[in-house]
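As a basis for the values below, the full set of heavy atoms in this structure was taken, side chains included, without hydrogen atoms, waters or symmetry mates. A note on names: the letters A, B, ... follow the listed sequences, proteins ahead of strands, and every chain is numbered from 1.
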There are 4 protein chains.
Amino acid sequence: MRSAERHGRGDTRQRIQETALECFLVRGYERTTLREIAVRLGVTKAALYYHFKTKEDILVSLFLDVGRRMDELIEWGRRQPRGLEVRRELLAQCSVIFSSAAPLFTVLHANEAALSELSVGRAFKNRVSALSGLFREPDAPVAAQVRCITALLSLHFGTFALSHVEGDPEEKRLALLDGATELLTSAHEARGLA
Amino acid sequence: MRSAERHGRGDTRQRIQETALECFLVRGYERTTLREIAVRLGVTKAALYYHFKTKEDILVSLFLDVGRRMDELIEWGRRQPRGLEVRRELLAQCSVIFSSAAPLFTVLHANEAALSELSVGRAFKNRVSALSGLFREPDAPVAAQVRCITALLSLHFGTFALSHVEGDPEEKRLALLDGATELLTSAHEARGLA
Amino acid sequence: MRSAERHGRGDTRQRIQETALECFLVRGYERTTLREIAVRLGVTKAALYYHFKTKEDILVSLFLDVGRRMDELIEWGRRQPRGLEVRRELLAQCSVIFSSAAPLFTVLHANEAALSELSVGRAFKNRVSALSGLFREPDAPVAAQVRCITALLSLHFGTFALSHVEGDPEEKRLALLDGATELLTSAHEARGLA
Amino acid sequence: MRSAERHGRGDTRQRIQETALECFLVRGYERTTLREIAVRLGVTKAALYYHFKTKEDILVSLFLDVGRRMDELIEWGRRQPRGLEVRRELLAQCSVIFSSAAPLFTVLHANEAALSELSVGRAFKNRVSALSGLFREPDAPVAAQVRCITALLSLHFGTFALSHVEGDPEEKRLALLDGATELLTSAHEARGLA
DNA sequence: CATGAATGAGGATTCATTCAT
DNA sequence: AATGAATGAATCCTCATTCAT
């Protein structure tokens, strides 16, 4: 009754997700306990289990949407011809995805070890691999390959590393994308990649 | 007695460190239990406590040396005048440090959340900040700042992200450094950084 | 709505009983959860509470009828003179009851420990004691007493132990009763029981 | 230190087993909690886990010895020719085993459902089946088969069902064995079993 | 130098049960 | 007649840590 006063009725599931994400960000996945989430929410641990089957399930639910978006992008990339134009577009799309779901990627990255044996961790590792694959030309000179991967990486990690730099988020995003595109382009120009 | 046969007597401390590092790499810091390390080593948990005061202590001991090297580099950087030349040198030195202690940085990065409230985690976070500071010109255009930071980042994360790319490690390191230097240079050239 | 299509409306109570019995048989009383029963039935846990006050209540309801029949038999037995003839008749009646409610006795027996502090468990323990009492002659030689009890026991446990032996159920029942009667008779003949 | 005063030092493991058996007898396996055992013993729950890997492990440890003895008997039985003489001997040996480990068989039997999905439960179910097999002549008349099985059963269950009958345990055991042997013999005589 | 035994705190999970709707 | 949401209490189990020997 108290919680009904404070919140709408059917929003508990979502509130759990929000609180969980917050905790995962601040304390990490492993160190976040269900008690913590429950207390912060003013419900019982058991209530969490009414809405989610396990702790991991809460995590999974958070990543459903981003996962789908990445899968679509990868699918799209695979159907395109390989080449600079497509890679530029991939980079641009990645930039959008990464920055629109920045907190999620932060969790992913800051808990890499913890999540490495969980479905979410594995799935995203695979997605990043797949994405890398689209940027790689196995027979190109090492220097070019490294630059391509670096371009992708700088986007991936830059997104949250830059949170401490002042400035308009969108401006920062574009600057980051700019640097990445530059790396990518230089890889193609200098060494005649396909 | 069996372990005494297989190894010299005084090397236990070091063997603990090696095993621990291995475990931290494979399973992450939190999920690595002292029992695990002990079993792998053929000793008792209690034995670990003879050599190290706590689990965290093992971790700390692993990072003593790299920490020192980074501190020296930062110290050196602070005494130099700001400018492209110095930054290039910093980048080069970082590249050496990062790749010579790659496993340690992998642990650091893959367990960011887990270590964030431990001395080691905090210390390295500070070191990275300090390093970033040497690359930043607070009044420069955002685009330039972002590029500088990206240069550093790509080194930091590239080191282990490239482990899947085939090629001579040293060649990959130089290629990575090359890309980073390129980003750094373009930041300075295009926008007239000091 | 779906379950209303498949079944008449008022039979839910009975369907709960059937499903519960099935679960109790397969998984045991303790390990059968109300969720399990509910899911199997396509209703909510709360629905079970509409029809039964507690989990134990479902159990109790299952045993009401057999309990009554045993009580009547005991009552009858108590009013008869002690002697071989009466005991033979008791054995025969038991055989009928046991085999007509075999699943219930299986639950009872396979969950003895679990039910030992529940009303149902206690009640049946008492009934079996009472029945035993009708077969016992406290002053008779131990050997005779043991045989009498054994006769009863073999009926009780044989009923479900024989489910793996091929053959017509009624034939098996009679064979079992035959063996039991033989034991009973030999107890009386050999040692001159009343 | 307190527990060292009260007891010898190395006996904890055994005391856990004793206490556990007691609890399993009184309260049943499922309802016996590790807390219960620990408290009764004056140690921590964690102490139990030092000596046994799981709750089930405690149970398993209790049955190691009886299991072995039954296996040996079965092995022996299989190597003998089928026939009345051998079956009589099997019955006699079973009688010894059952009554020497009566509490264990009580636990087994009173927790049948609870143990049915545990290794111990399964193993003993198999042993009883194997034993039954030695008493069965698949082509014999149903009546004979039933009598043979009943003979075995009455031993199995009689052992603890008779705990309420007064008298010398050994005398009761022999009386029980007597009744069982009688059933067995009558099965062979009357219907010309091998 | 190392072990065996034990602890205390805490973690995820499950369950029967309740109640407003 | 039945549901959705939630609870409280308990359970098994794990871990870092300690200490007498």
Counting just side-chain N and O atoms, does Thr12(B) come under 4.0 Å of either OP1 or OP2 of dC1(E)?
no

Among residues at least two apart in sequence or on other chains, which ones pass side chain to side chain contact (heavy atoms under 4.5 Å, CB included) with Glu112(C)?
Lys125(C), His109(D), Ala110(D)

Applying ring pair (Phe, Tyr, Trp, His ring centres under 6.0 Å), name anything that partners Phe63(D), two or more places apart in sequence or on another chain.
Phe124(D)

With sequence neighbours left out, what residues match Ser116(B) under side chain to side chain contact (heavy atoms under 4.5 Å, CB included)?
Arg31(A)

Heavy-atom pair of closest approach, residues Gly28(C) and Ala113(D)
CA-CB, 3.6 Å

Expected list for residues 110-125 of chain B near DNA chain F, using heavy atoms below 4.0 Å, is none

If you count every heavy atom of other residues, nucleotides or ligands that lies below 6.0 Å from Arg35(D) atom CZ, does the total exceed 12?
no

Test side-chain contact (heavy atoms from CB on, under 4.5 Å) on Glu30(C) and Asn111(C); report intermediate values, then the result.
CA-CA 8 Å; Glu30(C) 304 239 41; Asn111(C) 295 274; 5.5 Å; no

Which of dA6(E), dT7(F), dT3(F) is nearest the side chain of Ala46(A)? It is dT7(F)

Using 0.5 Å steps for rounding, measure from the CG atom of Leu108(D) to the CZ atom of Phe105(D).
6.5 Å

With sequence neighbours excluded, tell me which residues meet side chain to side chain contact (heavy atoms under 4.5 Å, CB included) with Ala47(D).
Val43(D)

Selection residues 46-63 of chain C - residue pairs positive for salt bridge (Lys or Arg N to Asp or Glu O under 4.0 Å), sequence neighbours left out
none

Out of curiosity, Ile16(A) CD1 to Ile58(A) CD1, how far, rounded to the nearest 0.5 Å?
6.0 Å

Whole-Å distance between dC1(E) P and Arg15(B) CZ?
13 Å

Test side chain to side chain contact (heavy atoms under 4.5 Å, CB included) applied to Thr106(C) - qualifying residues, sequence neighbours left out
Leu25(C), Phe160(C)

Thr44(B) or Thr44(D): which one's nearest nucleotide on DNA chain E is closer to the 5' end?
Thr44(B)

Please determine whether any donor N or O and acceptor N or O are separated by less than 3.5 Å between the side chain of Lys45(B) and the base of dT17(F).
yes

With a 3.5 Å cut-off and sequence neighbours excluded, list the donor-acceptor pairs that the side chains of residues 17-24 of chain A form with protein atoms.
from     : atom 1 : to       : atom 2 : distance (Å)
Gln17(A) : NE2    : Ser61(A) : OG     : 2.8
Glu18(A) : OE2    : Gln14(A) : NE2    : 3.4
Thr19(A) : OG1    : Arg15(A) : O      : 2.8

Does anything in residues 48-61 of chain A come within less than 4.0 Å of DNA chain E? Heavy atoms only, and list the residues if so.
Tyr49(A), Thr54(A), Lys55(A)

In residues 27-35 of chain D, what residues come within less than 4.0 Å of DNA chain E, judged by heavy atoms?
none

Taking only residues at least two apart or on different chains, which pairs with a member in residues 39-50 of chain A satisfy side-chain hydrogen bond (donor to acceptor under 3.5 Å, both in side chains)?
none

Can you tell me which stems DNA chain F forms when a stem means 3 or more consecutive Watson-Crick or G-U pairs under 3.5 Å?
E:2-21 with F:2-21

Please report, rounded to the nearest Å, how far the P atom of dC13(F) is from the CD1 atom of Ile37(D).
11 Å

